[in-house]
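Below you'll find the structure, written out as structure tokens, and then a few comments.
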Amino acid sequence: MDVAGVRLGLVVYMDMDSFFAACEELRHPELKGKPFVVGTSSDTDSRGVVQTASYEARKYGIKSGMGLFMAKKAYPELVVLKSDEVYYESTSDKIMAVLNGFGFPVEQNSVDEAAIDVGDVGYDKAIEIGKEIKGRIKEKIDLPCTIGVSFGKYFAKMMCDASKPDGFGVLRESEIQGFLRGKPIGKLPGVGKKTEERLLAMGIKTIDDLANANLQSLISKFGSAAIEMHNLARGIDESRIVQYNIIKSIGRERTLDSDTNDIAVQEKMLLTLSEEVSKDAAGKGFWFKAVGLKVRYSDFSQITRSRQLSHYSSSKEDIYRIAKDLLRDTQADISVRKLGVRVFMLIKRSGQATL
Ligand SMILES: [Mg+2]
């Protein structure tokens, strides 16, 4: 498949259903089918909020972000569990290991979401792979997920969202225009709360409105990000999978002692990770040509960034310098929970390339 000379592939998008709540059901089977929530605290008199509500709790109007006090008011017998991030992360690692086992490039977008680039295999094969992924997660982890299959990761994600829970959705190229028609602007991936408000203020309410909007005036308001947004609204998804978990890569990641905004603390961790990664790479006899950074924030959202060098390197300084640059480019108001450093595009010192 070819759009403007760029080769694009099919994407299988996986998102776990009500992830934190599902993890709790796994170790507390007695909660199955009951209204319960995972909250920032287990004390409903506190100022804590709901992080994830079980599907049964949602029937009472209880949802993420709601105060625990209000949630308890909506359903007085509500069971409230305190969030156990270490447990959810270790479950997440097992899920990502299953996905990486398929051998396709995987882009992890949060603790429980990932895009898998299955390439130019055709819809029948992509659907088969998607069903295998869903089946294997159920078999190995015993948790439900929803899968969306489409052309480009954003449309695959939209189809996944539209098929929840425990679903499987396929959006073919010929159906994309019809699927987008009439949908509120907030449903478009990448349109966050702030962008949504600004678009609404411009009178752009639906995805169709955005498709018909003047690109130049969008660019003047939103900068170059407007191009991708405008393209998506018109049914064009040119997104690429940013592969971080390449099998042939060497990396380390670690949770900080406590969530922090302090760049000095974050850089100190990066230095330690860079030293360990360079030692590991040297021990295995590899040089590298690219360095990747992973940042997980206190709300469990996560970003990955990478940069290529102009040459193969074995230097710890190269790893640290690039990781530090990438970190500075990703500074946000939210505090950081975990950092990861990785080198890839590896070459054996004997000269044999292994991508
Ligand atoms: Mg999810």
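Atoms considered below: every heavy atom in the structure, side chains included; atoms not considered: hydrogens, waters and symmetry mates.
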**OP:** Just do the side-chain contact (heavy atoms from CB on, under 4.5 Å) check on Thr255 and Arg337 with the steps written out, would you?
**Re:** CA-CA 6 Å; Thr255 306; Arg337 168 176 176 74; 4.2 Å; yes
Regarding [X] and [Y], does a basic nitrogen lie under 4.0 Å from an acidic carboxylate oxygen?
X	Y	result
Lys125	Glu128	yes
Arg305	Asp329	no
Asp117	Lys153	no
Lys34	Glu77	no
Lys324	Glu317	no
Asp325	Arg321	no
Glu253	Arg296	no

Quick one: pull up [atom1] in [X] and [atom2] in [Y] and give me the separation to the nearest 0.5 Å.
X	Y	atom1	atom2	value
Trp287	His311	CH2	NE2	10.5 Å
Met66	Lys72	CE	NZ	14.0 Å
Asp142	Thr91	CG	OG1	11.5 Å
Met14	Lys134	CE	NZ	10.5 Å
Phe36	Glu25	CZ	CD	4.5 Å
Ser278	Phe288	OG	CZ	7.0 Å

Please check if the side chain of [X] supplies one atom and the backbone of [Y] the other of a donor-acceptor pair under 3.5 Å.
X	Y	value
Asp209	Thr206	yes
Gln51	Gly65	no
Tyr87	Cys23	yes
Ser301	Tyr297	no
Ser92	Val111	yes
Asp166	Pro144	no
Asp112	Asp15	no
Lys157	Tyr13	no
His230	Ala213	yes
Arg58	Ala53	yes

**OP:** Would you indicate whether Met70, at its atom CE, is surrounded by more than 12 heavy atoms from other residues, nucleotides or ligands within a distance under 6.0 Å?
**Re:**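 Open.
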Original post:
Can you tell me if NZ on Lys138 sees more than 12 non-hydrogen neighbours from other groups inside 6.0 Å?
Top reply: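 Check passes, neighbour count above 12.
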Is [Y] close to [X] at the side-chain level, that is, under 4.5 Å between some pair of heavy atoms?
X	Y	answer
Val49	Leu68	no
Val149	Val118	no
Ile137	Met16	yes
Thr272	Arg252	no
Phe168	Ser163	no
Arg328	Glu267	yes
Asp208	Leu180	no
Ser150	Tyr123	yes

Original post:
Stepwise, does the side-chain contact (heavy atoms from CB on, under 4.5 Å) test hold for Val343 with Asp318?
Top reply: CA-CA 10 Å; Val343 293; Asp318 278 339; over 6 Å; no
Mind listing the closest non-hydrogen atom pair of [X] and [Y] along with its distance?
X	Y	value
Leu200	Lys205	CD2-CA, 3.9 Å
Ser335	Asp259	OG-CB, 3.6 Å
Ala264	Asp262	N-OD1, 2.9 Å
Val121	Ala126	CG2-N, 3.8 Å
Arg342	Ser249	NH1-OG, 2.8 Å
Pro189	Leu232	O-CD1, 3.9 Å

Between [Y] and [X], is there a side-chain donor-acceptor contact under 3.5 Å, judged purely by atom types and distance?
X	Y	value
Tyr88	Glu24	yes
Thr146	Asp17	yes
Tyr320	Glu275	no

Original post:
Linking I/L/V/M/F/W/Y whenever any side-chain heavy atoms sit under 4.5 Å apart, do Tyr55 and Val80 land together?
Top reply: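 Per the 4.5 Å side-chain linkage, Tyr55 and Val80 are not co-clustered.
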Original post:
For Ile219, which fellow cluster members are found when Ile, Leu, Val, Met, Phe, Trp and Tyr are connected by side-chain heavy-atom distances below 4.5 angstrom, either directly or through intermediates?
Top reply: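 Listed partners: Leu215, Ile227.
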Original post:
Does the side-chain contact (heavy atoms from CB on, under 4.5 Å) test come out yes or no for Val291 and Val277, once each step is laid out?
Top reply: CA-CA 10 Å; Val291 177; Val277 167; over 6 Å; no
**OP:** List the steps, then state whether side-chain contact (heavy atoms from CB on, under 4.5 Å) holds for Thr260 with Met269.
**Re:** CA-CA 12 Å; Thr260 180; Met269 170 70 86; over 6 Å; no
Original post:
What residues form a side chain to side chain donor-acceptor pair (under 3.5 Å) with Asn212, not counting sequence neighbours?
Top reply: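 By the side chain to side chain donor-acceptor pair (under 3.5 Å) rule, Asn212 matches no residue at all.
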